[in-house]
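I have placed the structure first, in the form of structure tokens, so that the comments after it can refer back to it.
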Amino acid sequence: GAGVSQSPSNKVTEKGKDVELRCDPISGHTALYWYRQSLGQGLEFLIYFQGNSAPDKSGLPSDRFSAERTGGSVSTLTIQRTQQEDSAVYLCASSLGSGYSEQFFGPGTRLTVL
Amino acid sequence: QKEVEQDPGPLSVPEGAIVSLNCTYSNSAFQYFMWYRQYSRKGPELLMYTYSSGNKEDGRFTAQVDKSSKYISLFIRDSQPSDSATYLCAMLMFDYKLTFGKGTLLTVNP
């Protein structure tokens, strides 16, 4: 079946602009995660959605970052007033549930802020 | 000090060599230990996971966990050029937040 898909695959933007990154999880997966992968920092947890529960936003680096998940499926990560340090690969993952449930990753969106 | 430490390499080996990849961690609350493989421009994919101390084998891959030393390893036997990738260790407590090492870039030369 189809895996996790993300769009766009690449995004180049100017400092100060807002960007939206989209994630389509695997059908039937109730849990969705966003991670950021940057040089020197590795892969860092950003936010977690599970069903209708309140999301865990503890990994978001600043209030410029927000995410929503509509209808328990598609998710959008929004970065407002982008900064150069936001340049990274943003990865989305989904899983059947929480706890130890294998997380399947999408290919990521490579964001470059000029 | 980061919770998970992993030597970023790069590591370059000839085809057929045995590869050893390692991570150390500081948080004894970690319960699940995983190895992910990430090819260039792709998302990570789960290779192996283990819960307890000891060894777990899957084909050419062996994962080893030593909770007393807070040390995990991944061994690759008879390495192949197709094994060239970044290998990430990851750890989980009884929740959902994976904590990753920075990854080790491996190149297997034909």
Side-chain angles (χ1 to χ4, degrees), chain A residues 2-10 21 23-26 29-51 53-60 88-112, chain B residues 1-10 21-27 29-52 56 58 61 63 65 67 72 85-106:
Chain A
V4 177
S5 61
Q6 293 186 246
S7 60
S9 55
N10 284 284
L21 312 179
C23 172
D24 281 90
I26 293 172
H29 281 193
T30 60
L32 187 146
Y33 316 75
W34 284 97
Y35 293 86
R36 179 171 70 175
Q37 188 172 32
S38 52
L39 286 174
Q41 294 298 316
L43 243 155
E44 301 172 297
F45 166 83
L46 295 177
I47 189 169
Y48 162 75
F49 296 90
Q50 169 58 36
S53 302
D56 177 351
K57 306 179 183 180
S58 61
L60 294 178
V89 177
Y90 289 83
L91 290 158
C92 176
S94 69
S95 68
L96 278 171
S98 60
Y100 183 65
S101 180
E102 182 180 350
Q103 296 181 27
F104 293 84
F105 284 82
T109 294
R110 184 172 297 271
L111 176 66
T112 303
Chain B
Q1 180 192 10
K2 280 186 72 77
E3 285 189 295
V4 179
E5 300 281 354
Q6 182 176 11
D7 185 342
L21 304 165
N22 311 292
C23 289
T24 58
Y25 62 97
S26 56
N27 191 339
F30 287 128
Q31 299 293 328
Y32 293 96
F33 304 90
M34 284 143 277
W35 286 96
Y36 281 82
R37 179 174 61 195
Q38 186 175 24
Y39 291 113
S40 180
R41 303 276 175 162
K42 302 287 187 184
E45 56 178 340
L46 183 66
L47 263 182
M48 297 186 72
Y49 81 93
T50 187
Y51 174 74
S52 58
K56 182 176 181 179
D58 184 1
F61 298 89
V65 173
K67 287 187 176 181
I72 71 170
T86 296
Y87 289 80
L88 300 148
C89 62
M91 304 182 189
L92 191 65
M93 291 178 266
F94 285 114
D95 57 6
Y96 41 79
K97 294 181 198 176
L98 285 172
T99 301
F100 284 87
K102 290 186 179 181
T104 300
L105 177 61
L106 171 67

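Heavy-atom basis, side chains included; hydrogens, waters and symmetry copies ignored. Everything quoted here is computed from the prediction, not taken from an experiment. Letters go in sequence order (proteins before strands), and every chain restarts at 1.
For B/Y51, no part lies under 4.5 angstrom from a heavy atom of chain A. Neither the backbone nor the side chain of B/Q6 comes within contact range of chain A, judged by heavy atoms closer than 4.5 Å. Interface residue B/Y49: only side-chain heavy atoms are found under 4.5 Å from chain A. Proximity to chain B (any heavy atom under 4.5 Å) is shown, for A/L43, by both the backbone and the side chain. Only the side chain of A/S58 comes within contact range of chain B, judged by heavy atoms closer than 4.5 Å.
Counting non-hydrogen atoms of other residues, nucleotides and ligands closer than 6.0 Å to NZ of A/K57 gives a total of 12 or fewer.
A/Q103 and B/Y96 make their closest contact through NE2-O, 3.1 Å (heavy atoms, listed as atom of the first residue, atom of the second, distance).
Using cut-offs of 30° and 60° on the angle between ring planes, the pair A/Y35 and B/F100 is perpendicular.
Residue pairs meeting the salt bridge (charged side-chain N to carboxylate O under 4.0 Å, His left out) criterion with at least one partner in residues 35-51 of chain A, sequence neighbours excluded, are A/R36-A/E44.
In this structure, CG on B/L46 lies 8.0 Å from CZ on A/F104, to the nearest 0.5 angstrom.
Side chain of A/Q37 to backbone of B/G43: no donor-acceptor contact under 3.5 angstrom is found.
Legend: residues meeting salt bridge (Lys or Arg N to Asp or Glu O under 4.0 Å) with A/E102, ordered by chain and number and at least two apart, are absent.
Comparing A/L91, A/D56, A/V89 by how many heavy-atom pairs each has under 4.5 Å with chain B, the most go to A/D56.
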